Amino acid sequence: MKLLQLDSSPLGTHSVTRELTAAVVAQYRREQPDTAVTHRDLAADPLPHWTPLPQGAVDTLAPEQRAAVERNEAVLQEFLDADLIVIGAPMYNFGIPSQLKAWIDRIAVAGRTFRYTAQGPEGLAGGKRVVVLSGRGGFYAGTPLQAADFQEGYLRQVFGFLGISDVQFIRAEGVGISAEQRAASLAAAHAQIQGAALPQAA
């Protein structure tokens with residue numbers, strides 16, 4: 001099992017999603033001790049916004065352009081190598097952090113993770129599993145505010161477009177309401193992690 005852990009919250013030890021991604025990874029390591037974990041911290045080491053790079057052989061590029069091409073390829077290869085991707089995705093302003101969006105822009109690559117055909121787009125990254133740990137200040141799922149949730153639908157669309165249909169969400173909602181609600185929501189999310197049939201390697 002090759003597991004890629006992504007954290008995108010800049011809140012450090014105060015982050016809900018970092019606590020939950022760590023819990024999922026710890027559970028995998030207990031259940032499958034040979035799990036190989038790669039951790040990318042998108043907040044501590046953020047990727048710049050994607051910009052197009054010149055085409056051509058890498059050795060003909062300027063040093064900074066060569067470094068950008070090599071970084072993008074390393075990010076993409078981490079994704080391609082992973083059997084399971086565990087993502088910490090706090091909801092920011094109804095969507096995802098820009099740090100996570102910058103990562104998505106590196107893995108959605110025509111000809112590598114999807115392609116266009118006469119019958120429509122085809123995902124090329126099938127067979128992977130994704131677990132998203134979602135932290136939200138308010139309550140959205142199953143409430144009138146669900147229509148304002150552009151986080152979960154977006155992530156499902158992105159990974160579905162890449163050919164990944166096995167996407168599981170574990171949410172801690174209402175964490176901004178009070179300290180008591182935060183503790184209760186975290187406890188419920190941890191219980192869901194402990195009781196979940198987490199995806200196994202294909």
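A quick note: this is a predicted structure, and the numbers were derived from the prediction, not measured.
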message = Could you work out, with salt bridge (charged side-chain N to carboxylate O under 4.0 Å, His left out) as the rule, every residue matching R29, not counting sequence neighbours?
response =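 If we apply the salt bridge (charged side-chain N to carboxylate O under 4.0 Å, His left out) test to R29, skipping adjacent residues, there are no hits.
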key: Counterpart residues, salt bridge (charged side-chain N to carboxylate O under 4.0 Å, His left out), relative to R171 (two or more places apart)   =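 Per chain and number, R171 pairs via salt bridge (charged side-chain N to carboxylate O under 4.0 Å, His left out) with E152.
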remark   = d(T113 OG1, K128 NZ) to nearest 0.5 Å is 10.0 Å
Please list, one pair per line, the donor and acceptor atoms closer than 3.5 Å that link side chains of residues 72-79 to other protein atoms, with sequence neighbours excluded.
unit_1, atom_1, unit_2, atom_2, d
N72, OD1, R106, NE, 2.8
E73, OE1, R112, NH1, 3.2
E73, OE2, R112, NH2, 3.0
Q77, NE2, D81, OD1, 2.9
E78, OE1, R40, NE, 2.8
E78, OE1, R40, NH2, 3.4
E78, OE2, R40, NH2, 3.2

query = What closest approach, in Å, do A172 and V16 show between heavy atoms, and which atom pair accounts for it?
reply = CB-CG1, 3.8 Å
Residue pair R115 / T117, side-chain donor-acceptor N/O under 3.5 Å = no
Mind checking what makes side-chain contact (heavy atoms from CB on, under 4.5 Å) contact with [X], not counting sequence neighbours?
{"X": "A89", "answer": "I87, L100, V132, Q151, L155"}
{"X": "S9", "answer": "L11, S15, T17, R18, P90, Y92"}
{"X": "Y154", "answer": "I96, K101, I104, V158"}
{"X": "T51", "answer": "none"}

request  = Scan for ring-ring contact (aromatic ring centres under 6.0 Å, His included) pairs involving residues 104-135, sequence neighbours excluded, and state none if there are none.
outcome  = F114-Y116, F114-F161
Listed by chain and number, what are the side-chain hydrogen bond (donor to acceptor under 3.5 Å, both in side chains) partners of [X], not counting sequence neighbours?
{"X": "R71", "answer": "none"}
{"X": "E70", "answer": "none"}
{"X": "Q5", "answer": "D7, T21"}

note = Excluding I177, membership of its hydrophobic cluster (Ile, Leu, Val, Met, Phe, Trp, Tyr; side-chain heavy atoms within less than 4.5 Å) reads F139
